[in-house]
Amino acid sequence: MTEDWRERAARLTPRTGHHIGGAFVPSRDGATSPVVSPRDGRTIADVAAAGPADVNDAVAAARKAFDEGPWPRLAPAGRKAALLRLAELVERDRRTLALLISLEMGKPISEADGIELRAVIGCLRWYAEAADKLVDESPRTDAGSLALVTREPVGVVAAVVPWNFPLTMAAWKLAPALAAGCTVILKPAEESPLSALHLAALAAEAGLPDGVFNVVNGRGEIAGRALGEHPGVDTLAFTGSTEVGRHFLRYAAGSNLKRVWLELGGKSPNIILPDAPDLDAAADTAAWGVFFNAGEMCTAPSRLLVHRSVADRVLDRIVARAEKLAVGDPLDPATTMGPLVSARHRDRVLSYVQAGQAEGARLRAGGTPISGDGYYLRPTVFDQVEPAMRIAKEEIFGPVLSVLAFDDLDEAVRLANDTDYGLAAAVWTSDLSTAHTVSRALRAGTVWVNCYEEGDMSVPFGGVKQSGHGRDKSLHALGKYLDLKTTWIKL
């Protein structure tokens with residue numbers, strides 16, 4: 001199987017142009033940007049790099065498709081059918097898409113195929129089925145009047161997504177936007193445009209009209225900024241860093257006051273109480289959660305808060321799990337942790353390892369790069385971490401766990417909430433009252449009890465505080481892409 005994926009990679013010819021108005025096109029000025037695979041540091045392809053003129057073209061195509069085209073006027077059942085066809089095509093090309101993801105950002109192929117593509121297909125099908133289930137309202141009025149509250153698509157949506165889950169994050173935005181009747185411009189991260197471009201080809205094959213789904217590649221400070229400042233974009237949905245989220249709010253304020261929906265960073269606390277129903281399972285889940293996707297995950301449980309009475313037992317098991325992880329080539333199905341996305345990002349994560357040691361935390365595992373080609377880092381565990389340390393406060397976005405001990409429940413909640421972020425949290429306890437009390441006290445968009453990263457498309461996802469606002473997933477996400485219109489009729 002390993003050779004099969006490597007042979008597939010050798011035969012792969014990815015698409016490299018922008019997808020605008022139903023066609024793949026080069027940048028107007030001919031600019032390109034290399035896509036470098038973190039598995040070996042080699043360039044996979046040179047893709048078109050958008051400037052403002054290319055973004056103008058994409059916005060014009062999306063605007064024309066919305067203002068003049070059939071998509072927003074199509075019966076919801078028609079949009080449902082198109083999205084179901086798209087999901088079928090993604091299923092058909094699942095292995096190709098998984099390979100592109102693995103090559104461009106380093107996700108182990110078993111996870112790209114078995115986790116990410118499963119999530120993408122499920123998301124497309126879920127919103128396809130939701131498309132014709134939405135209803136408008138007719139509030140009761142006096143006998144001489146009729147009131148209607150209708151839901152109408154907002155218009156042109158720009159979706160700017162990160163590289164860590166390149167197609168999942170895209171699907172979470174484009175699926176509800178398309179189901180609502182909007183047209184979409186997707187800007188993937190410059191590290192991971194290849195899977196998005198293949199998805200665009202599948203959308204055209206599925207029968208989405210020209211201009212309904214566009215993809216522009218390019219750097220965030222150029223193409224992303226151009227979308228954020230463009231007066232022809234009605235709504236922008238972004239997943240990424242808090243720093244860049246601030247920029248998008250500024251772009252909106254300085255242009256047309258477009259609505260901006262933000263899903264940003266996290267420093268998620270994972271609280272293990274001594275009455276956890278299974279301490280070994282809690283430790284195993286803590287290790288899995290922080291090292292999954294090489295720790296490049298906004299909800300990663302990067303702060304482990306563990307009761308002092310069980311800290312040694314939990315920590316020893318996590319260290320043992322970290323040392324057994326198979327770190328290596330993401331195209332090897334036996335690999336359980338791949339490389340970090342780039343040399344620059346690996347060096348950034350290493351700077352946090354150095355900061356943790358300099359500030360007095362104890363390094364229990366990892367902390368060093370793996371020599372050779374690619375951007376690999378050993379899973380890293382720190383204990384004796386103090387709340388004021390950088391590794392306890394700042395989002396690292398890598399396979400680095402910070403362990404803090406506590407003595408009572410009040411201290412655990414205080415430590416958990418001692419962060420600028422509020423994306424996710426977890427608590428492990430056998431006491432139902434404690435589970436409810438702690439869940440209510442934690443300032444986070446999602447709280448897991450006796451599990452981590454569980455859920456499905458029926459529940460919303462998003463954060464509070466500097467983790468952003470608005471929600472992806474569930475029916476609630478559709479509200480980001482629909483306007484409410486009141487019509488009052490005098491009979």
Side-chain angles (χ1 to χ4, degrees), residues 14-30 47-90 92-93 96-97 120 124 127-128 131-132 152-161 167 170-171 173-188 193-218 223 226-227 230-237 258 481-482:
R15 292 169 175 83
T16 57
H18 311 294
H19 186 76
I20 298 175
F24 285 97
V25 296
S27 296
R28 281 184 173 268
D29 62 1
V47 300
D54 305 297
V55 170
N56 282 337
D57 290 344
V59 174
R63 175 55 60 192
K64 182 178 180 180
F66 183 79
D67 289 346
E68 304 174 17
W71 188 254
R73 297 158 189 83
L74 195 63
R79 292 197 292 272
K80 169 184 174 177
L83 288 173
L84 287 174
R85 285 196 298 272
L86 177 56
E88 290 171 2
L89 293 173
V90 172
R92 184 197 70 189
D93 285 12
T96 298
L97 288 164
V120 172
L124 291 170
Y127 282 107
D132 62 352
E152 302 185 354
V154 299
V156 174
V157 173
V160 181
V161 298
L167 286 189
K173 290 168 173 49
L174 68 90
L178 292 173
C182 298
T183 58
V184 176
I185 305 160
L186 174 66
K187 199 214 77 75
L194 303 179
S195 55
L197 292 170
H198 194 90
L199 181 66
L202 297 183
E205 186 179 347
L208 272 68
D210 293 351
V212 169
F213 178 42
N214 309 274
V215 178
V216 290
N217 317 306
L227 286 168
H230 205 292
V233 173
D234 299 301
T235 290
L236 187 143
K258 61 178 64 65
Y481 309 111
L482 292 166

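What you are looking at is a predicted structure, and each value in this text was computed from that prediction instead of being measured.
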Peer 1: For the backbone of V212 and the side chain of T183, can you confirm whether one donor and one acceptor N or O come within less than 3.5 Å of each other?
Peer 2: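 No; judged by distance alone, with no hydrogens or angles, the pair does not exist.
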Peer 1: Identify the heavy atoms of R73 and F66 that sit nearest to each other, and give their distance.
Peer 2: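 Heavy atoms only, the tightest pair is NH1-O, 3.0 Å.
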Peer 1: Mind checking what makes side-chain hydrogen bond (donor to acceptor under 3.5 Å, both in side chains) contact with D29, not counting sequence neighbours?
Peer 2: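 Residues passing side-chain hydrogen bond (donor to acceptor under 3.5 Å, both in side chains) with D29: none at all.
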Peer 1: Which residues pass the side-chain hydrogen bond (donor to acceptor under 3.5 Å, both in side chains) test with R92, not counting sequence neighbours?
Peer 2: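 Testing R92 for side-chain hydrogen bond (donor to acceptor under 3.5 Å, both in side chains), a comparison that skips the adjacent residues, returns E205.
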Peer 1: Salt bridge check, D57 against R28: does any charged N sit closer than 4.0 Å to a carboxylate O?
Peer 2: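 Salt bridge: yes.
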Peer 1: CG of L86 to CG of L124: how many Å apart, nearest 0.5 Å?
Peer 2: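 Output value for this atom pair is 5.0 Å.
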Peer 1: Any donor and acceptor pair, going by atom type alone, linking the side chain of R63 with main-chain N or O of G232 inside 3.5 Å?
Peer 2: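 At least one qualifying donor-acceptor pair exists.
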Peer 1: Does the side chain of P153 reach to within under 4.5 Å of the side chain of Y481, using non-hydrogen atoms?
Peer 2: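 No, every pair of side-chain atoms sits at 4.5 Å or beyond.
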Peer 1: If we only count heavy atoms from C-beta on, is the L236 to V157 side-chain gap below 4.5 Å?
Peer 2: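 A side-chain contact under 4.5 Å is absent here.
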Peer 1: Of all heavy-atom pairs between V215 and A196, which one has the smallest distance, and what is that distance?
Peer 2: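 Taking every non-hydrogen atom into account, CG2-O, 4.0 Å.
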Peer 1: Does a salt bridge link D132 with K80, judged by any charged N lying under 4.0 Å from a carboxylate O?
Peer 2: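 Answer for the salt bridge query: yes.
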Peer 1: Are the side chains of Y127 and L178 in contact, using a 4.5 Å heavy-atom criterion?
Peer 2: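 When only atoms from C-beta onward are counted, Y127 and L178 do not touch, as no gap falls below 4.5 Å.
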Peer 1: So H19 and L199, side-chain contact (heavy atoms from CB on, under 4.5 Å) or not? Walk me through it.
Peer 2: CA-CA 10 Å; H19 186 76; L199 181 66; over 6 Å; no
Peer 1: Does one side chain, of N214 or H18, offer a donor that lies under 3.5 Å from an acceptor on the other?
Peer 2: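 Checked: N214/H18 side chains show no N/O donor-acceptor pair below 3.5 Å.
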Peer 1: What verdict does the side-chain contact (heavy atoms from CB on, under 4.5 Å) test give for V154 and C182, after you've listed the backbone C-alpha separation in whole Å, the side-chain angles of each residue and the deciding distance to 0.1 Å?
Peer 2: CA-CA 6 Å; V154 299; C182 298; 3.7 Å; yes
Peer 1: Starting at CG of L74, measure out to CG of L208 and round the result to the nearest 0.5 Å.
Peer 2: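 Between L74 CG and L208 CG, I get 9.5 Å after rounding to 0.5 Å.
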Peer 1: Would L202 and L97 satisfy side-chain contact (heavy atoms from CB on, under 4.5 Å), going step by step from the backbone distance to the final call?
Peer 2: CA-CA 11 Å; L202 297 183; L97 288 164; 4.1 Å; yes
Peer 1: How close do S27 and A50 get, counting heavy atoms only, and between which atoms?
Peer 2: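 S27 and A50 have their closest heavy atoms at OG-N, 3.9 Å.
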Peer 1: Look only at the side chain of R79 and the backbone of A75, and say whether a donor-acceptor pair between them is shorter than 3.5 Å.
Peer 2: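 Flag not set: sc R79 to bb A75 has no pair under 3.5 Å.
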Peer 1: Do the non-hydrogen side-chain atoms of K173 and V160 ever get within less than 4.5 Å of each other?
Peer 2: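 A side-chain contact under 4.5 Å is absent here.
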Peer 1: Can you tell me how far NE2 of H198 sits from OG1 of T96, rounded to the nearest 0.5 angstrom?
Peer 2: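 Interatomic distance, T96 OG1 to H198 NE2, rounded to 0.5 Å: 5.5 Å.
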Peer 1: Which atom pair, heavy atoms only, marks the closest approach of A206 to L89?
Peer 2: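 Answer, listing the atom of A206 first, then L89: N-CD1, 3.6 Å.
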Peer 1: Looking at every non-hydrogen atom in both residues, tell me the closest pair between P14 and L194 and how far apart they are.
Peer 2: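 So the two residues come closest at CB-CD2, 4.0 Å.
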Peer 1: Looking at N217 and A48, would you say the former's side chain and the latter's main chain have a donor-acceptor pair under 3.5 Å?
Peer 2: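 Judged by distance alone, yes, a pair lies under 3.5 Å.
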Peer 1: If we ignore hydrogens and angles and just use 3.5 Å, is the side chain of K64 paired with the main-chain N or O of G211 as donor and acceptor?
Peer 2: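 Looks like no, no N/O pair under 3.5 Å.
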Peer 1: For D210, does its backbone N or O pair with a side-chain atom of W71 as donor and acceptor, under 3.5 Å?
Peer 2: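 Not confirmed, W71 side chain does not pair with D210 backbone.
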Peer 1: Could you check if a side-chain atom of K187 sits within less than 4.5 angstrom of a side-chain atom of L227, using non-hydrogen atoms only?
Peer 2: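 Heavy-atom side-chain distance check passes, below 4.5 Å.
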Peer 1: State, to 0.1 Å, how close D54 and P26 come at their nearest heavy-atom pair, and which atoms those are.
Peer 2: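 Closest pair (atom of D54, atom of P26, distance): OD1-O, 4.2 Å.
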Peer 1: As a quick check of understanding, evaluate side-chain contact (heavy atoms from CB on, under 4.5 Å) for T16 and L197, giving each step before the final call.
Peer 2: CA-CA 7 Å; T16 57; L197 292 170; 5.5 Å; no
